[in-house]
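Written out below as structure tokens is the structure these notes cover.
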Amino acid sequence: MKHELEQAIASACRELHDADIPVVLTRPDEQFGDYATNVALQLAGRLHKNPREVAETIAEKLRTELAGRVQAVTVAGPGFINITLTDRALATAAGQAPAAKSRQHQGQTVVAEYSDANPFKVLHAGHVYTTVVGDAIAMLIETAGAAVHRVNFGGDVGLHVGRTMWAILQYLGGEHPEKLADIPADQRAEWLSAQYVTGNNVYEEDEAAKADIIALNKRVYQLHADKDHSSPFAQIYWTCRQWSYEAFDAFYARFGTKLEKYYPESEVADLGLKTVRDHIGKVFEESDGAVVFKGEPYGLHTRVFINQQGLPTYEAKDVGLIAKKYEDYHFDRSVILTDYEQQEYMAVVLKAIEQFWPELARATTYIPHSKLKLLGGIKMSSRKGNIVRAIEVLNMTAEALRAVGRTPDDVVVLGAVKYAFLKHRIGGDDIIYDPEESISLDGNSGPYLQYAHARARSILKKAGANPAEIETLEVGERSLARKISEYPEAAEKAVAELMPHHICTYLYELAQAFNRFYEHNRVIGNERQDVRVQLVTSYADTLKAGLKLLGITAPDTM
RNA sequence: GCCCGCGUAGCUCAGUGGAUUAGAGCGUCUGGCUUCGGACCAGAAGGCCGGGGGUUCGAAUCCCUCCGCGGGCACCA
């Protein structure tokens, strides 16, 4: 319906005023109508005419063109054109709303990289945030018609591995892979995290250990170069790397998502190294024994791609990664999500890549996101021991539910966590997560929407279905139908901007609209039961579809 | 120092060029209803949209400038 209106307005502008202008339809205050446009204000400036007069000519034309579908076309304020649909047209739009799908990515292949957990490191609260947001973005693109491949990039080589390996060797009392068998399967993730923290602290405090760690780091690179899977050192390394990936799989599964591929640094390092070397002199240059890209001409800064020891830094690995992703998927678009600390790092890497692979740089969308802070402003860093682990975020939320006398289950816990993260605009100020607020049963929360859905389903279950053709709507019914009909627009906007929070804002408004309706309009037993059941069905379906886009389950009972 | 991001109600956040009155939630206060699952509804108080200047018929939104907070600025990611 929206599209149809836009076309009618555009052609009216063309025929009456010989002007081609982009038509933007907005949703005005309900008192003004269902749709509004400011084309007359734009045209008036260009034609040096009175905006209200211009608006009146367009409105008159729309009244005849759209007869039967619009109830009123009026001119208001400085020259807005307000359009009110007929009840039947509005009811139809509401009925179609839940099934609406964007086509913005129709037929595309998209690679979405997010979460980026590192093997030999611990999953912290920040990973929960990037996983939830990344998955929501992946789903937005997926529902808009793309084949989405979710991938992860993590460091299985590099200093942090040296640190963890150092602690592992200490624990095992040397290179004794057989002793790994003593660690129970269900404690592996835990144990690995502890080794990471130990190695990390030692690196900061003990010079001798620091030297050992640097040597171990080189050994790990060598082990990849030699494709060594059999030496005792190699056995320990590969086993522990595998344990890390298993831990990630379990974690993502709990969130209802699956990362299709873990790109380890070791698989992209060589390609990155080679690519950077191939462009020395043209794109990169040598400086102090390292290979760098000078960003200053582009308003950026200089970064090292190959260090003095000849090893690739993350910069070079990101170069290899983009090539590998393209080789694997031939993507139309590559979306990369990281926190904003890496924003300028990414800008430099993408600028360097643009110099030799312009089409890959252009096909890349980088999204910097905010960082997560728990209430109280604890800063999370896995470098130190004082991290908040990923699992703790879920435990805290479950605890908050218990505190209000509810038995925590993952549907509600994850609904609460996901919604609390997703309702904020991506990339704004840091996200403050308050577990108590997230499970709050009233207010703008995941569980509130889940409950709203369950309640509507309960009504429908009692009423039974009896499809009706809706001809007219009473005032309360009309408000609800109007809100339901806005869903496709909210989803479209979320897809266009890759901003899931638009869905949250909309769904909450929708639930409020329903509660207002529900307060004064009985469904079961009312003479308009059939019409109202129809509306409640559309409402519940829309709520469910919207929550699904966010990765949140909408249970029928709770 | 240079570059980037952010600054909206006591708190947590939407709104990023349009409509007399800048919106929600939480918290505070007042009233209603006890249901079709009240995890509700109606209302009040609370904002010079960080300060100042400019562009525009119109600015929380765009531009300039200052202040505050956060981040980045070569071999960590």
Side-chain angles (χ1 to χ4, degrees), chain A residues 24 26 28-29 31-32 36 38 41-42 44-45 51 76-80 82 116 118 121 153-155 158-160 265 287-296 299-309 311-318 338-345 347-348 368 370-371 375 379 382-383 404 406 420 423-425 427-434 436-437 440-445 447-452 454-463 501-502 504-506 508-509 511-512 514-526 529 532 536 557-558:
Chain A
V24 179
T26 56
D29 239 43
Q31 52 173 317
F32 296 126
N38 66 353
L41 287 157
Q42 293 184 55
F80 292 101
N82 292 321
D116 286 347
N118 295 302
K121 247 179 171 174
F153 178 47
L159 262 188
H160 72 275
E265 277 178 47
S287 173
D288 281 345
V291 179
V292 306
F293 174 76
K294 295 231 154 147
E296 284 74 9
L300 304 168
H301 61 266
T302 295
R303 299 201 69 99
V304 171
F305 280 63
I306 302 174
N307 69 21
Q308 288 173 335
Q309 294 155 53
L311 296 177
T313 59
Y314 245 82
E315 287 81 342
K317 291 166 190 167
D318 259 318
T338 77
D339 75 54
Y340 59 70
E341 278 185 10
Q342 293 182 48
Q343 185 162 9
E344 285 165 85
Y345 158 85
V348 175
S370 335
K371 286 189 292 187
L375 194 68
K379 193 180 175 182
S382 59
R383 299 256 186 102
V404 294
R406 292 188 50 89
K423 73 178 179 181
H424 297 143
R425 161 175 272 273
D429 230 340
D430 289 345
I431 309 291
I432 314 267
Y433 181 61
D434 178 353
E436 282 178 33
E437 188 187 296
S440 169
L441 308 166
D442 34 40
N444 191 357
S445 75
Y448 170 90
L449 293 177
Q450 289 174 320
Y451 180 78
R455 197 166 55 154
R457 289 291 173 209
S458 167
I459 294 166
L460 293 173
K461 195 176 169 195
K462 285 199 178 117
H501 80 284
H502 290 305
C504 296
T505 304
Y506 167 75
Y508 185 64
E509 286 171 5
Q512 282 184 314
F514 178 75
N515 282 333
R516 252 167 244 141
F517 164 81
Y518 180 80
E519 188 75 10
H520 303 290
N521 301 280
R522 204 180 160 82
V523 176
I524 296 170
N526 187 278
Q529 172 166 336
R532 291 179 178 179
V536 176
T557 59
M558 60 187 286

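Numbers restart at 1 for each chain; the letters A, B, ... are given by sequence-line order, proteins then strands.
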Using a cut-off of 4.0 Å on non-hydrogen atoms, how would the nucleic acid contact of A/Thr505 be classed: base, sugar-phosphate, or nothing?
sugar-phosphate

Checking side-chain polar atoms at under 3.5 Å, does A/Gln309 have a donor or acceptor matched by the opposite partner on A/Asn307?
no

Hunt down the Watson-Crick or G-U wobble partner of B/rU61, both distances under 3.5 Å, from any strand shown, or write none.
none

Using Watson-Crick or G-U wobble geometry with both distances under 3.5 Å, which nucleotide pairs with B/rG7?
B/rC67

What pairs of nitrogen or oxygen atoms, one from the protein and one from nucleotides 23-27 of chain B, lie under 3.5 Å apart?
residue, atom, partner, partner atom, Å
B/rA24, O3', A/Gln512, NE2, 3.4
B/rG25, OP1, A/Gln512, NE2, 3.3
B/rG25, O2', A/Asn444, N, 3.4

Nearest-angstrom distance, C1' atom, B/rA9 to B/rA24:
11 Å

Assign A/Asp318 to base, sugar-phosphate, or nothing according to its heavy-atom contacts below 4.0 angstrom with the strands shown.
nothing

Relative to the 5' end of RNA chain B, which residue comes earlier, A/Arg455 or A/His301, by the nucleotide with the nearest heavy atom?
A/Arg455

May I ask you to say what A/His160 touches in the nucleic acid, namely base, sugar-phosphate or nothing, with a heavy-atom cut-off under 4.0 Å?
nothing

By centroid distance (under 5.5 Å) and plane angle (under 30°), are A/Phe32 and B/rA19 in a stacked arrangement?
yes

Mind checking the P distance from B/rU56 to B/rC66? Whole angstroms is fine.
23 Å

Are A/Tyr345 and the base of B/rA77 stacked, counting only ring centres nearer than 5.5 Å and planes tilted under 30°?
no

For a quick check of understanding: with a heavy-atom distance under 4.0 Å over all strands, which category does A/Asn526 fall into, base, sugar-phosphate or nothing?
nothing

Base, sugar-phosphate alone, or nothing: which one does A/Asp430 contact when heavy atoms must sit under 4.0 Å apart?
sugar-phosphate

Does A/Ala76 reach a base, just sugar-phosphate, or nothing at all? Heavy atoms under 4.0 Å.
base

For the base of B/rA39 and the side-chain ring of A/Tyr451, does the geometry meet a stacking cutoff of under 5.5 Å between centres and under 30° between planes?
yes

For A/Ala36, answer base if it contacts any base atom (sugar-phosphate contacts may also be present), sugar-phosphate if it contacts only those atoms, and nothing otherwise; contact means non-hydrogen atoms under 4.0 Å.
base

Looking at every strand, decide which applies to A/Thr26 at a 4.0 Å heavy-atom threshold: base, sugar-phosphate, or nothing.
nothing

Under 4.0 Å, heavy atoms only, any strand: does A/Phe80 hit a base, just the sugar-phosphate, or nothing?
base

Taking any heavy-atom pair under 4.0 Å as a contact, classify A/Ala454: base, sugar-phosphate, or nothing.
base

